[in-house]
Amino acid sequence: MVGVTADPRRALPSVEALVADSAVRALAELAAPRYIATVARLVVASARAVLANDPDAAPPTHAVLVDQIVASAHQRWQPSLRPLYNGTGVLIHTNLGRAPLAPQALAAMTAVAVGYSTLEYDVAEGRRGSRHAHLGSLLRDLTGAADGVVVNNNAAALVVVLAALARGREVILSRGQSVEIGGGFRIPDIMRQSGVRLIEVGTTNRTRIADYAAAITPRTAALLRVHTSNFVQQGFVEQTPLAEMVTLARQHNLPVIDDLGSGCLLDVTPYGLAREPLVQDSVQAGASLICFSGDKLLGGPQAGLIVGDQSSIKTVRSHSLVRAMRVDKMTLAGLHATLSYYLRGDAVQHLPIWRMIAASPESLAVRALAWANALASRLATATTTPGGLLLRIGVQPGHSPIGGGALPGQMLPTSLLTLSFWRGGRPIGRWAGEAAALLRHARPGLVVRVEDAALFCDPRAVLPEDDAAVLAILLDRMGGGQIALKAVELV
Ligand SMILES: *Cc1c(COP(=O)(O)O)cnc(C)c1O
């Protein structure tokens with residue numbers, strides 16, 4: 001060690017010299033000097049360790065160390081959670097944050113977030129109120145249920161419903177509905193954690209009302225239906241209709257719990273999709289408690305909504321888990337504003353998720369073509385590299401999946417912008433992958449699909465007001481010189 005520092009040729013720039021560099025000083029917008037000095041010391045220490053291990057290595061220059069400090073600071077302190085554009089066409093993409101919020105939802109959330117609010121304050125009485133009171137009327141009027149309560153997400157909703165109604169007893173579920181929703185959410189595990197004994201009835205593909213009837217015992221606490229929201233069964237299949245389950249349950253004075261998942265309040269069939277069960281239908285059919293997500297087809301912030309009859313909701317509301325899973329003021333404000341769009345009847349015009357579902361194939365074709373034309377004409381000037389790649393830009397028909405545990409297997413027709421990179425008369429798949437990586441690293445990023453040696457960007461999950469921003473990312477990344485282009489061809 002002594003030898004390393006003693007050799008002047010192997011001297012490293014001092015931490016003091018590095019933090020005085022203008023590029024390092026510019027990090028002041030991210031962090032205070034002492035945090036920056038810590039990173040500088042770490043960078044110098046790791047350079048010293050490299051030199052100690054390799055006597056022949058050349059010491060890194062001042063400029064190299066400055067770059068390392070800046071990169072390390074960005075990596076540590078810039079938010080890794082940041083906005084991006086979704087060119088995958090998957091509308092409810094859990095990895096990409098599910099439903100985008102509507103303008104009024106956002107405004108309502110900001111309004112209660114920046115100051116104090118009536119969160120648990122009864123204005124009429126001038127004293128403590130309940131946070132559970134804020135959505136009651138809207139949930140009643142929109143779903144027909146007697147009352148409702150909201151927790152952090154639908155997984156939490158199911159846990160609290162089971163714990164409140166069935167802890168220490170049995171819940172009957174069709175074997176075909178003992179599913180995994182994703183992200184580690186498995187119905188049998190949830191049952192166990194809620195202190196409930198799962199009684200599976202029927203077979204994977206068929207469960208009849210007689211199967212439920214035969215399983216009811218004095219230990220039974222409820223019948224549960226789970227919407228198989230992320231897969232489809234075809235062929236010799238039969239699931240018992242909810243109304244039949246309710247009739248049977250009522251004969252035994254038992255509740256039916258319905259885990260709906262997507263929280264659909266509007267008929268999707270006008271958009272060419274198969275029927276998704278509506279919350280109103282489950283209320284109509286007589287389910288005692290119905291739970292669904294706030295950020296799937298409902299189009300609001302992350303939440304788990306529970307609606308049902310007065311006494312079941314009262315039981316849930318007074319359970320201690322509701323306290324542990326309670327939602328904050330921003331979620332309540334965002335949900336109220338989101339539900340208000342349904343109340344006014346203009347959800348399809350204003351809620352992003354419904355605008356995307358309702359976008360016509362013609363409008364999507366026009367937008368994809370506009371991207372393609374703009375890219376082809378503007379990139380033509382960037383194609384200066386002899387021996388570079390040929391970029392082929394086109395538009396082709398495709399399909400957008402709904403995703404996110406709603407309408408499994410259902411696709412909406414769309415038009416896709418396609419980019420492929422050619423050399424010697426063949427598309428080079430590696431470059432489609434490289435191009436996709438360049439796009440997702442942009443700030444903000446753009447996530448696209450890569451298939452069959454081509455890159456696909458679907459306008460369906462992009463709101464038209466964001467078209468220009470998406471085009472700007474495409475232009476910047478495809479024409480920025482990271483990919484050497486020889487020519488551009490519109491096909
Ligand atoms: C998505 C889904 C859940 C989980 O909801 P989260 O809001 O993600 O917690 C539970 N059940 C069903 C049927 C679902 O589709």
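Counting convention: from 1, in listed order, for ligands and their atoms alike. Just so you know, these numbers use all the heavy atoms, side chains as well, and skip hydrogens, waters and symmetry mates. This is a predicted model, so every value here is computed, not measured.
Remark: Arg128 is not positioned above the aromatic ring of Tyr121, lacking an NZ or CZ atom under 6.0 angstrom from the ring centre and at most 45 degrees off the axis.
Ligand 1 has a nitrogen or oxygen under 3.5 angstrom from a nitrogen or oxygen of Ser293. Considering backbone and side-chain N/O of Ala156, none are found under 3.5 Å from N/O of ligand 1.
Applying the side chain to side chain donor-acceptor pair (under 3.5 Å) rule to Tyr341 yields no partners; only residues at least two apart in sequence or on another chain are considered.
Here atom 8 (O) of ligand 1 lies nearest to Arg98 when heavy atoms of Lys296, Arg98, Glu180 are compared.
For ligand 1, the atoms lying closer than 4.0 Å to a non-hydrogen atom of Gly261 are 12 (C), 13 (C), 14 (C), 15 (O). If you number the atoms of ligand 1 from 1 as listed, the ones under 4.0 Å from a heavy atom of Phe185 come out as 10 (C), 11 (N). Under a 4.0 Å criterion applied to the non-hydrogen atoms of His227, ligand 1 contributes the atoms 13 (C).
Ile353 and Pro100 get closest at one heavy-atom pair: CD1-CD, 4.4 Å. Between Ala215 and Thr220, the shortest heavy-atom contact is O-OG1, 3.8 Å.
In this structure, CG in Leu223 is found 11.5 Å from CD in Glu170, a value given to the nearest 0.5 Å.
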